[in-house]
Amino acid sequence: MTVSRAGSVQLHDLTLGYDRHPAVHHLDGCFQAGSLTAVIGPNGAGKSTLLKAIAGSIQPLGGSISMGSGKARLAYLPQLAELDRDFPISVEDLIGTGLWRQLGPFRRYSNDNKQLIADALEQVGLSGFNSRLLGTLSGGQLQRVMFARLIVQNAEIILIDEPFAAIDTKTVTDLMGLVQHWHGEGRTIIAVLHDMGLVEAFFPECLILARECVDWGQTSNILTPDNLAKARTMIEANDPHADECERAA
Amino acid sequence: MTITSHLFDLLIAPFIEFSFMRRALVGSIALSIGAGPIGVFLMLRRMSLVGDAMAHAILPGAALGYLMAGLSLGFMTAGGLIAGFVVALLAGLVTRVTVLKEDAALASFYLISLAGGVVLVSLRGSNVDLLHVLFGSVLALDDPTLVLLATSASISLVSLAILFRPLVMECVDPLFLRTVGKSGGISHLGFLALVVLNLVAGFHALGTLLSVGLMMLPAFAARFWSATLDGMIAIATLIGIVASGFGIIVSYHAGTPTGPTIILSAGVMYLLSILFGQRNGLILRLIPRKHLAA
């Protein structure tokens, strides 16, 4: 599969937050088309908020986000908590929801679609799980299913939020293989991660976030103890009675 | 007398003899077909009490219709639909623009609506009329009411077919649906509209309060017989139909009010399902069985 280069994400003086309190403050920069970036930082640093905003599910408090040239397809895998695992839906049907943009509410799965779903299941190592119900899967299996849905979504821009929390090493290795495969296909990938070893080993680019941008660039250059310490101290300075931000837009 | 002719006298003959019995059966079957699938979705979305809230919300609309035109099918139906839609929309609006969650927003408006409805009914109606609105009159279904029930069932099935995929996605993974399209809100509102439609149709037969019973009890019972969505929908519909027939015949022989007897039948089937259901039924759990090898 080849992917066109229309897949960069630009952030222009972006401020995101809740109740007027910024969770991401005046962030400027660009995820290049085809880049593989890890977003790291302490809890509460605004990492998930940033992904939500890029996915379009929350509106910026200030600034803007723009996607390169043309209309790039975007796929977003949020943290697991948002899924109702008790709902009686089969693995196959859940992965099939990834085809929503093509099929909409009515169109049937074509044979190609079914093949695509079967292939995706095979790629994540779950061949034969087609008709298993969601509630019967383990945490790791469920995450494999979510990655299979990312595969069928076939998006130029892929956002994944802490995909490896509470996941065993074997599953992480398998799924990281997929991420690298996507990287090889030229897709833009932005992943929120906490495992620094993983970031160093597999992610060429890195954004260290602590509400403000601590540093953003090549992982080998910026993933330093200094930067990480800086990130930790910045996030502790949280003032519930903060004044309005005077920084020029 | 043989057993079969005995059973015939008991179960079939009343329907052959009396047209009001046949009408009651047809009406409540139509209701079961429309409301069964909707009940399953309500249950799976943890919205089981929403049907109840909506049933209360409909009351002032029906009462207003009654005040304007007496026991008129058209006016009371239109009033009920409008009141239901208004409450659904207002609750949706408050959920979106304020800190209140959907259950709080819905509860607030149905309480206001219910109080208004009771005041309206008591302004002019006698207690008999109030009983009609609250508990329906399944043994007095005329042609227009039957047409209304059948239309409501047809609209529900067609609309559910249209909404099915986004509705399922909204249930499993609402955030995902929001990132790939805008249909989440539409399918949610459309679904609430179907809830209202079925309750309004149902109140002519069973009354505003009991029509929820035919929507929800079969759905709960179905949970004990099937693990899949399709299976639950089919079984819920079937249980609704059987409970209707059974309730009508029992009420005929025992002289009990028909609407509540139908709901009680559904209740009995629900309790039996809890005990004997093949999926997590209590009895099955008590039977010691060896675990599987893998």
Side-chain angles (χ1 to χ4, degrees), chain A residues 18-19 48 51-59 73-109 131-137 142 145-146 149-150 152-155 157-161, chain B residues 37 39-48 96-99 158-191 219-220 222-236 279-280 292 294:
Chain A
Y18 307 94
D19 256 354
S48 296
L51 256 55
K52 275 184 197 156
I54 297 172
S57 61
I58 58 171
Q59 293 300 314
R73 276 193 308 271
L74 184 145
Y76 168 43
L77 175 59
Q79 284 175 273
L80 276 182
E82 320 247 0
L83 204 71
D84 180 2
R85 292 179 63 177
D86 287 335
F87 196 88
I89 186 173
S90 68
V91 163
E92 196 170 35
D93 284 341
L94 184 69
I95 296 174
T97 60
L99 295 166
W100 171 264
R101 282 215 179 79
Q102 284 133 273
L103 298 180
F106 307 122
R107 244 158 291 153
R108 296 166 135 274
Y109 296 139
S131 51
R132 281 279 290 272
L133 290 175
L134 201 55
T136 67
L137 300 179
L142 182 63
V145 168
M146 300 318 285
R149 180 166 74 181
L150 288 176
V152 305
Q153 280 185 269
N154 187 25
I157 302 170
I158 299 175
L159 314 174
I160 33 188
D161 194 352
Chain B
V40 171
F41 272 106
L42 282 172
M43 168 185 70
L44 291 175
R45 305 185 77 178
R46 296 179 182 80
M47 289 168 67
S48 297
R96 252 154 228 236
V97 302
T98 75
V99 293
V158 172
S159 313
L160 265 188
I162 294 173
L163 293 176
F164 197 83
R165 201 177 281 171
L167 205 54
V168 167
M169 287 168 71
E170 228 312 87
C171 293
V172 189
D173 199 350
L175 196 65
F176 179 74
L177 187 59
R178 250 176 284 149
T179 54
V180 294
K182 299 260 176 287
S183 46
I186 297 166
S187 72
H188 184 65
L189 270 184
F191 176 68
F220 301 149
R223 193 75 158 119
F224 291 93
W225 298 104
S226 175
T228 67
L229 184 57
D230 309 358
M232 279 180 219
I233 287 176
I235 291 169
R279 298 208 68 89
N280 298 316
L292 305 175

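A, B, ... follow the sequence lines: proteins, then strands. Residue 1 opens every chain. All of these numbers come straight from a predicted model, not from anything done at the bench.
Among all heavy-atom pairs drawn from A:Arg108 and B:Arg165, the shortest one is CA-NH2, 4.3 Å. Across all non-hydrogen atoms, the minimal contact from A:Ser48 to A:Asp161 is OG-OD2, 2.8 Å.
Between A:Glu92 and A:Tyr109 there is no side-chain heavy-atom pair separated by less than 4.5 Å. Side chains of B:Leu160 and B:Pro37 form a contact here, defined as non-hydrogen atoms less than 4.5 Å apart. Within the 4.5 Å cutoff, the side chain of B:Val168 has heavy atoms near those of the A:Phe87 side chain.
Interface residue A:Asp86: backbone and side-chain heavy atoms are both found under 4.5 Å from chain B. Residue B:Arg46 touches chain A through its side chain alone, counting heavy-atom pairs closer than 4.5 Å. Proximity to chain B (any heavy atom under 4.5 Å) is restricted, for A:Arg149, to the side chain, taken from C-beta onward. Neither the backbone nor the side chain of A:Leu74 comes within contact range of chain B, judged by heavy atoms closer than 4.5 Å.
With chain A as partner, the option from B:Asp230, B:Thr228, B:Leu175, B:Leu177 having the largest number of non-hydrogen pairs under 4.5 angstrom is B:Leu175. Interface summary for chain A: among B:Ile162, B:Asp173, B:Val172, the most heavy-atom pairs under 4.5 angstrom belong to B:Val172.
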